[in-house]
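We use all heavy atoms of the structure for the numbers below, so side chains are in, but hydrogens, waters and symmetry mates are not. Predicted, not measured: the structure shown is a model, and the values here were computed from it.
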Amino acid sequence: MILTGYIKDTFAASRLLKFSTDSNFIHVDYSYKIFNHLERSNGFIWNAMMRAYSQRNHPQKAILLYKLMVEKNVCPDKYTYPVVVQAVSTRVDALEGKEIHSHVLKMGFDSDVYVGNTLINMYAVCGDISDARKVFDEMPVLDLVSWNSILAGYVQMGDVEKAKLMFDQMPRKNVIASNSMIVLFGRSGRVSEARQLFDEMDERDLVSWTALISCYDQNEIYEEALATFTEMYARGITVDEVLIISVLSACANLLVVKTGALIHGLALRIGIDSYRCISGSRDAPKSDIPKNVATDLWTEVLKGF
DNA sequence: GGCGTTGCAC
């Protein structure tokens, strides 16, 4: 492109930069070199570069680039703000978020649904649910992502009642919304409500199953977690690493419970359950387990596996 | 002209 001179063509150059930032095999620093050598740039080129920084764990560089963009009088467009607001969300910086939000208002992009959705998400991530709600309430057009984003805000706050209210008001619900509610019910110890919602869903995905299994995990119903996994597996659903971790967690805890019960049973048989260090009883005299008994215990426990 | 937003584990 340099030889033919096509590098001077802004559109052609923008395609080159986009190719570079989209490739997992090209370092973001190399993309920046391309970016820096382009003679004429436009909004698209700046947006692509900021997005590359944000996606590759350099949100601060994305924000700095945005400030440089404003300094250089390159006009931000409606595509710029989802990228910048997203970068701010990653850094969980509410103050910087407010500043960017004021730019959005000044530029008049607050009516764009993509911009609004990222703002809801940004405030929710920063734990500023009332500001998230304010953005939501003032948006001229809401879509499914807007509803899911504000719902996620209440889920993060652990506000079951507000989340339920939102969920019920949604004009259309998708699998993401239901999954969020299952997660919230799980965290709040409302296992039967989680299960009921799961059963009522028309469409479930891997996240739905993972959310339910981890709900059982978190509420220490490990047998049910494994039973759910078995049911899922029987249906031929492909698993991923997140699900496997939830299942392993259930297995490990079940093992702890079983081992605990096994040790207790052995302790009863050997007749040392009244010892304070085992039963925790205040009345029992404090004593150590004799060495040979402890060894016998572990031999028995290991046989159980 | 081409670009942007939401959910699961430890």
Self-check item: For A:G116 against A:V135, the heavy-atom pair lying closest together
Solution: O-CG1, 3.8 Å
Quiz item: Is A:F11 stacked on the base of B:dG1 when the test is centres under 5.5 angstrom and planes under 30 degrees?
Solution: yes
Quiz item: Can you check whether A:Y79 stacks with the B:dG4 base, using ring centres under 5.5 Å and planes within 30°?
Solution: no
Quiz item: Which is true for A:D112 with a 4.0 Å heavy-atom rule: it touches a base, it touches only sugar-phosphate, or it touches nothing?
Solution: base
Practice problem: Look at all strands and tell whether A:V175 reaches a base, only sugar-phosphate, or nothing, counting heavy atoms closer than 4.0 Å. | Solution: base
Self-check item: From A:Y81, A:Y66, A:F109, residue fulfilling ring-ring contact (aromatic ring centres under 6.0 Å, His included) relative to A:H103
Solution: A:Y66
Quiz item: Is a donor-acceptor pair below 3.5 Å formed from side chain A:D205 to base B:dG7, judging by atom type as modelled?
Solution: yes
Quiz item: Per the atom types in the model, does the base of B:dG4 pair as donor or acceptor with the side chain of A:N47 at under 3.5 Å?
Solution: no
In whole Å, what is the span from the [atom1] atom of [X] to the [atom2] atom of [N]?
| X | N | atom1 | atom2 | result |
| --- | --- | --- | --- | --- |
| A:Y53 | B:dC3 | OH | C1' | 18 Å |
| A:L119 | B:dT6 | CG | C1' | 14 Å |
| A:I129 | B:dT6 | CD1 | C1' | 13 Å |
| A:M170 | B:dG7 | CE | P | 13 Å |
| A:M122 | B:dG4 | CE | C1' | 15 Å |
| A:L184 | B:dT6 | CG | C1' | 16 Å |
| A:K78 | B:dG2 | NZ | P | 11 Å |
| A:N117 | B:dG4 | CG | C1' | 10 Å |

Exercise. Examine B:dT6: is either OP1 or OP2 under 4.0 Å from a nitrogen or oxygen in the side chain of A:Q86? Give yes or no.
Key: yes
Exercise. Look at A:E231 together with A:R235 and state whether they make a salt bridge at an N to O cut-off of under 4.0 Å.
Key: yes
Exercise. Look at A:K164 together with A:D168 and state whether they make a salt bridge at an N to O cut-off of under 4.0 Å.
Key: no
Practice problem: Among residues two or more places apart or on two chains, list those pairs meeting salt bridge (Lys or Arg N to Asp or Glu O under 4.0 Å) that have a residue in residues 39-48 of chain A. | Solution: A:K8-A:E39
Quiz item: If you check every side-chain atom of A:D77, which of B:dG2, B:dT5, B:dC3 has the closest atom?
Solution: B:dC3
Practice problem: State which of B:dG2, B:dT6, B:dG4 makes the closest approach to the side chain of A:F44. | Solution: B:dG2
Quiz item: Do A:W209 and A:F229 make the cut of ring centroids closer than 6.0 angstrom?
Solution: no
Exercise. For A:N121 and A:N117, indicate whether the former's side chain and the latter's backbone hold a donor-acceptor pair under 3.5 Å.
Key: no
Where do N or O atoms of nucleotides 8-10 of chain B meet protein N or O atoms at under 3.5 Å, pair by pair?
{"residue": "B:dC8", "atom": "O2", "partner": "A:T210", "partner atom": "OG1", "Å": "3.3"}

